[in-house]
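Here the structure comes first, spelled out in structure tokens, and everything after it is commentary.
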8 protein chains.
Amino acid sequence: NDLHIDLFRNKRLGFDEVIYGKNKSTNQLIDIINLYKNKNLNFFCTGLHPEKINELEKVFPDLYFSRESGTARNFAYPETKISNSVGVITAGTSDAQVAYEAIETLRVLGIPFEKYIDIGVAGIHRFLHYLDDLRNHSVLIVIAGMEGALPSVVGGIFAQPIIAVPTSVGYGTALSGFTPLFAMLTSCANGITVVNIDNGFGAAMAAFRILQQIENKND
Amino acid sequence: NDLHIDLFRNKRLGFDEVIYGKNKSTNQLIDIINLYKNKNLNFFCTGLHPEKINELEKVFPDLYFSRESGTARNFAYPETKISNSVGVITAGTSDAQVAYEAIETLRVLGIPFEKYIDIGVAGIHRFLHYLDDLRNHSVLIVIAGMEGALPSVVGGIFAQPIIAVPTSVGYGTALSGFTPLFAMLTSCANGITVVNIDNGFGAAMAAFRILQQIENKND
Amino acid sequence: NDLHIDLFRNKRLGFDEVIYGKNKSTNQLIDIINLYKNKNLNFFCTGLHPEKINELEKVFPDLYFSRESGTARNFAYPETKISNSVGVITAGTSDAQVAYEAIETLRVLGIPFEKYIDIGVAGIHRFLHYLDDLRNHSVLIVIAGMEGALPSVVGGIFAQPIIAVPTSVGYGTALSGFTPLFAMLTSCANGITVVNIDNGFGAAMAAFRILQQIENKND
Amino acid sequence: NDLHIDLFRNKRLGFDEVIYGKNKSTNQLIDIINLYKNKNLNFFCTGLHPEKINELEKVFPDLYFSRESGTARNFAYPETKISNSVGVITAGTSDAQVAYEAIETLRVLGIPFEKYIDIGVAGIHRFLHYLDDLRNHSVLIVIAGMEGALPSVVGGIFAQPIIAVPTSVGYGTALSGFTPLFAMLTSCANGITVVNIDNGFGAAMAAFRILQQIENKND
Amino acid sequence: NDLHIDLFRNKRLGFDEVIYGKNKSTNQLIDIINLYKNKNLNFFCTGLHPEKINELEKVFPDLYFSRESGTARNFAYPETKISNSVGVITAGTSDAQVAYEAIETLRVLGIPFEKYIDIGVAGIHRFLHYLDDLRNHSVLIVIAGMEGALPSVVGGIFAQPIIAVPTSVGYGTALSGFTPLFAMLTSCANGITVVNIDNGFGAAMAAFRILQQIENKND
Amino acid sequence: NDLHIDLFRNKRLGFDEVIYGKNKSTNQLIDIINLYKNKNLNFFCTGLHPEKINELEKVFPDLYFSRESGTARNFAYPETKISNSVGVITAGTSDAQVAYEAIETLRVLGIPFEKYIDIGVAGIHRFLHYLDDLRNHSVLIVIAGMEGALPSVVGGIFAQPIIAVPTSVGYGTALSGFTPLFAMLTSCANGITVVNIDNGFGAAMAAFRILQQIENKND
Amino acid sequence: NDLHIDLFRNKRLGFDEVIYGKNKSTNQLIDIINLYKNKNLNFFCTGLHPEKINELEKVFPDLYFSRESGTARNFAYPETKISNSVGVITAGTSDAQVAYEAIETLRVLGIPFEKYIDIGVAGIHRFLHYLDDLRNHSVLIVIAGMEGALPSVVGGIFAQPIIAVPTSVGYGTALSGFTPLFAMLTSCANGITVVNIDNGFGAAMAAFRILQQIENKND
Amino acid sequence: NDLHIDLFRNKRLGFDEVIYGKNKSTNQLIDIINLYKNKNLNFFCTGLHPEKINELEKVFPDLYFSRESGTARNFAYPETKISNSVGVITAGTSDAQVAYEAIETLRVLGIPFEKYIDIGVAGIHRFLHYLDDLRNHSVLIVIAGMEGALPSVVGGIFAQPIIAVPTSVGYGTALSGFTPLFAMLTSCANGITVVNIDNGFGAAMAAFRILQQIENKND
Ligand SMILES: Nc1ncnc2c1ncn2[C@@H]1O[C@H](COP(=O)(O)O)[C@@H](O)[C@H]1O
Ligand SMILES: Nc1ncnc2c1ncn2[C@@H]1O[C@H](COP(=O)(O)O)[C@@H](O)[C@H]1O
Ligand SMILES: Nc1ncnc2c1ncn2[C@@H]1O[C@H](COP(=O)(O)O)[C@@H](O)[C@H]1O
Ligand SMILES: Nc1ncnc2c1ncn2[C@@H]1O[C@H](COP(=O)(O)O)[C@@H](O)[C@H]1O
Ligand SMILES: [Mg+2]
Ligand SMILES: [Mg+2]
Ligand SMILES: [Mg+2]
Ligand SMILES: [Mg+2]
Ligand SMILES: [Mg+2]
Ligand SMILES: [Mg+2]
Ligand SMILES: [Mg+2]
Ligand SMILES: [Mg+2]
């Protein structure tokens, strides 16, 4: 068998290995899911194209599939284990699918969150309207495509840790997400950190690492 | 002689040929200046490195040199010929030298202007403070390096023509100005236009084209 | 609901929010259109692939769809509100679809225009034939793919504001439009401004900003 | 005067505006320092080339200059205000100067830290030797050039927030730091976040944002 | 006929010409296979998309096709001619298909091998578990996508020749394999060599060149 | 009508306008062909995808279509008007389709030619076998993908004008043809000239320009 | 000795090996020149920086150095051996130094030529003024930086072979010459061929290959 | 002290840690050399700019410095420990300095070698002249800049392991060595492996890994 599941990851990091579905064939995924079932392990998979979900659903009708976030899992959401929350913000409606991947991951990790979709800088009053709500979260995930300006504005106003996620939304000079990626990395607002293009999953994981520290020190 | 001055440019476009100094050797520039002197033409040159200015100043002590804008000219500023004005905005202090090139060109063209330096999004209240002043200009030149977010914010609030100028300020993912360039071109604010990196000269020229139309139609 | 319509944009900028259709799923678009219908708002959407139009047409047969420009709207063209006109020029026939997006936007904004398709530099007499017609417009939108040389020639002859639009027409070193984009930005003709690749919409919006100034000052 | 100091940044974010020195001329910096002196403000500046420091030192012999981190300040380090600490790790000795920028910033912010220089994957036993020490820190800053592999290894073993900093160390395919940047962003270890190339300052700022949350929730 | 088979390659290099199938049309491939059949030559072809295999299988049902490695051949595996072996390692399960291309080529060349799939740095204990097994091979082929960190770790521990193969696994900043390619080329582990992205075939060929030298000198 | 045929091109350059089919919709092409028919003009079109040819063939069954070269025309090949010939060489079989585009264009222009397919440097004796034949041509078109080494070898041995054509054959670091393009442009063999990637048409046109000079001076 | 002079190049190609000086150290060049002197060979070297010329001139005061073209030679210009001529055109004055390299090479090869400097598209009447003169040459070398539009205009009007040379003149999006390079390769004028950026030497060599064919066929 | 020498590298890999000098300051290097001296360790350092060597030579006049290879060491060459040899080939004279780095490393490792400088494809008879000599080596290091064609020709003729080294020799489209790098990686000759641009050191290390295997299996 060509799979080495990382069985000790939860022990080391506090979360199980998550399967990355994008570059795996449907056949490979079927083998993996069967292995997880046989071993009674928690299966969570990201990066699934809608068509791959259709094929997998035929074989495993009992899995939980989410087309809008491109994920699958074989377990129910856990109880919320963490007392602090995450704000998930997007600049446009087109960025929503990346937010859904982050949110599904937060749910799987038992982290409370609030979402703020489509409040980007082209109409900045929409963002300003939520200033008080946003101040309540311990971490802000800010998702934007095209020119990726929103994290700079957020980072100039709020003191929390900010995890910026560039998206591949846009065309031409948006460069499939490299322009907002580079913009976020060279932001004039200080202390913003960044994850890979469209990587809502990674942003949630980074939030989890931070929240775990807050909880630990809090005990 | 290896120079063909474009003697009819003013007739066609309303301004004289401007010499581009960056890729010319000092010897080439000396030949050109002498030619302009002999023919009694207006000489205006951009893209001059401070050291090149030092060398030229020794040969032509009577020229007007501007180190902060990298320009030289052999004539006094004309009278202001145009009744509408331009607002020249920069995000940071580091972007000021590009603003100076735009301003020197506006002066040479007889265009009234106001400058607003260092009012970028990292501290957005600085920009908001000038909302009323900015509304008075017929054209806004918005200059920013790093992530180049300012034109998106300006373009979302103001209805005037906006000429965005990316600068090479920043390092790493600022990509010598390509990141703000691409960001400005893919801005979610509509109808922003863009010129080359650090091209304060070109922005002023574009403003001139617009202002000429306003004046013409006004008569 | 994951949508924050920018209801005050017309007040600020003189035009309503336009929906960007390219990176939205058909389901997202259906939700948005229903929302616009319920609120009795003007819906205008760009960046629609022909197949997406087919799907939307089934659900909303009463919308106005334009396959050649990739747009949809739920209202009739307004009366022409503006007295000055725009010339829309393309280098080749392949660039026509970008021109159609610009033209549809001009129509929606109530701006008069004239089109000049397929008059690029490979047979420059075609462009020279229209010199007198072109001089009558207050703004010139110049659209070209491949090497993007036409705006340089136009900008060297005409004094009006020139908005250059690079297109993704070409192959290999045309770089999906980055070569004409860079060529236009580094043009030796002065004061040309540029918008994103294939962005006919943005060019029309930039023209609108200019024409609004001319009208305002004219009153 | 061409400077708008962001006087309320400390109130909003908990730290003062930091001057970015790289793209400012020595003359601009002298003006800024004088302004800060006159207003009795805390001046801290990053991105200073050794030669610029030499010039500034002649004018302001009473400033604190640090050549190895490229910084200057006009105030003594504050008392440590924060009870949790940061581990600063580098892969090679060549990456040390980026670590020094991070460390100087941590000192200015009053954050306790420990440094671990030159323990990269080419001799992985060096890193393994510090496993126990590293577990004590609340945040890990991991700095690496060339192939940037160290954050992946660290992130696979430790559960804390990890801020990865790519450096411009290397040649050819190291791409002046873009290779480790992209490697860190696409790391198979989950939840790693990244800042700009050589941006030790930004990494310290991001750590500060996290530590502030831990402190706040702790009270 | 538009084909010049290199009939002397085996004489010069010890292996026959291998057909590169990716950029050939199915019609071209059918012509080539018929030619090989008529001339009674050994046909081995790489780079075959599953759909192309489907089409070829209809015409040549007697060929050996391998969908997981994208190859076809008209002859049985030869006897193992070589006494030393190759270890084929991958970082993830998604990299397995590149390993299969390498393995099929090793089989065709009569080289013994062992495979170690999915033992990358995110859970480094999986790799450490095989330290003793890996030491027995004369050459190590190390295959990794995303950040491509595994060859650095392997090369820092093992003294054998290491042939690193970047894969196109990943998204965004993985750059379709250029990020692991550049990472491997700029590895801080010394003496690692690299082949093209996804080039399992080339890695096996390079191993063959090395093993031939060991055999020759051994006689 | 949105088409300006360049009716004087033959007079200026000796050949008619050729339609570039790649970025035109089938509808646009149908309009154009009808126009050419109505005006009784010679229609020659390149860059046609096989599927587009299928659609056009249904409408215009009397046109001459060539799937392997991606072209269509409405006239028979002219008599050979030129006494000197062109050698068309490719490195691999995969490069043949670009050769066919060049050859179809040479036929349309009435130029004699000889083809030499699949004689690249991996088995250099294949090329050496044709040394005497190749010496007879007045121009050599050398077509190669992947590393694009063949033009350097040809240019180091033969004195004729050499027009190198990079192809998009290869994967990974072949960069869709940019690697052979750049290799050919930086060849250590002197006086090689290059055309766009996959541009067999352009190479034939460049040969035509040279051969016309030879004929003219010969009269 | 670490040099293998190609003694048979003239026999094969009609010209001697030319030394490429850019990446050779002054010491290497001194060794090479001494070798050429001892063997009584014709030495011609390109790519010499002015400072390298200064150093070499001290050691070899009897060589012919040309600072404006960056070349050195140890022999007088040959008699003109060729009856047809070359037109050398540049778009701007800044492109002149590349023209000088081409011209020096033409002189060394005994080819008659005429130069037309600074007649680019920003003032297209300058080019139109020379239409009749340009028609007389058998080959046109067209040199341009920035957007590189001139070869498209020339190629649309003239039937001769056109060798386009992009220059590194410009800034920002001129991309050190890659923008005019790509523009020339994707030109809508047919049959233009291109050489490397700033490669005046290669353009002259390509012209030589063409002129040799004309002469040969003429005899 | 900010240095963790890898003391067990020789035990693991058969060679000591080599100091990479390029991105270290002279002060850092002085500290390191002193540490090596105090600990009586073998110091070997690569990537030293001539000026850095000048500075180090003043402090450590007893070290062995090599300006042409950019290296320093504190020990004499060891006895030749290995019975098989390496052929070091370059395409041009400009590539020689990379060959010297490889050769110095081979000497330090006690490996016999032969050099073949300046025998590239522009005059391919130079390479053909050495066919018999080259067949004797167990490994071939092939170094080339510009278009990097030589490894393809060598790999098509010789059966040994071939380590290709791209160099930064060339200009424009040579892309500072990325063009030969990509060309070598996508070579149509099979089983060529590649190291980083200008990395003569790495090529020698890779040869060492291979030769060690041959020796081991031989015993
Ligand atoms: N090393 C650094 N890297 C990135 N940004 C910085 C750095 N140091 C300061 N900054 C920020 O850069 C902004 C630059 O604006 P300015 O100094 O006005 O050009 C400042 O407001 C700081 O927030
Ligand atoms: N010329 C070179 N190119 C690439 N890597 C090198 C070179 N010389 C030494 N190295 C490696 O680079 C690592 C650099 O780490 P450091 O010296 O700590 O910055 C050393 O451990 C060597 O393994
Ligand atoms: N700063 C500038 N940026 C871009 N173009 C310029 C600039 N200054 C002058 N130009 C234009 O560049 C052209 C350059 O041609 P030349 O001076 O002949 O090399 C001139 O005709 C001007 O139109
Ligand atoms: N300016 C130039 N640009 C490109 N290639 C050149 C130039 N000058 C000479 N060459 C060629 O470059 C090769 C370089 O090899 P080498 O001089 O041995 O490094 C020579 O054989 C010439 O054919
Ligand atoms: Mg929206
Ligand atoms: Mg500031
Ligand atoms: Mg046309
Ligand atoms: Mg070290
Ligand atoms: Mg796995
Ligand atoms: Mg073949
Ligand atoms: Mg000029
Ligand atoms: Mg040579």
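The sequence lines fix the lettering, A, B, ..., with proteins before strands; numbering per chain opens at 1. In what follows, every heavy atom counts, from backbone to side chain, and hydrogens, waters and symmetry copies are set aside.
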Examine whether an atom of [X] lies under 4.5 Å from a heavy atom of chain H, and if so say whether it belongs to the side chain, the backbone or both; otherwise answer neither.
{"X": "D:His125", "result": "side chain"}
{"X": "D:Thr90", "result": "neither"}
{"X": "D:Tyr100", "result": "side chain"}
{"X": "D:Gln97", "result": "side chain"}

Open item on the list: Holding to side chain to side chain donor-acceptor pair (under 3.5 Å), I want the full list of residues that pass it with H:Tyr77, two or more places apart in sequence or in another chain.
Closed with: H:Arg73, H:Glu104
TODO: Report the residues that fulfil side chain to side chain donor-acceptor pair (under 3.5 Å) with H:Tyr36, sequence neighbours left out, ordered by chain and then residue number.
DONE: none
Write down the atom of [X], the atom of [Y], and the distance for their closest heavy-atom approach.
{"X": "H:Arg9", "Y": "D:Gly123", "answer": "NH2-N, 4.3 Å"}
{"X": "H:Gln28", "Y": "D:Thr93", "answer": "NE2-O, 3.2 Å"}
{"X": "D:Ala122", "Y": "H:Asp6", "answer": "O-OD2, 3.8 Å"}

Open item on the list: For a quick check under 3.5 Å, do D:Tyr171 and H:Asn199 share a side-chain donor-acceptor pair by atom type?
Closed with: yes
Open item on the list: Within residues 172-185 of chain H, which residues come under 4.5 Å of chain D, heavy atom to heavy atom?
Closed with: H:Phe178, H:Leu181
Task: Reported CD1-to-CG distance for the pair H:Ile32 and D:Asp118, which is rounded to 0.5 angstrom - done: 7.5 Å
Open item on the list: Let me confirm one number: the CE-CG distance from D:Met146 to H:Asn196, rounded to the nearest 0.5 Å.
Closed with: 8.0 Å
Open item on the list: Test: salt bridge (Lys or Arg N to Asp or Glu O under 4.0 Å). Region: residues 36-52 of chain H. Which pairs qualify, not counting sequence neighbours?
Closed with: H:Lys37-H:Asp62
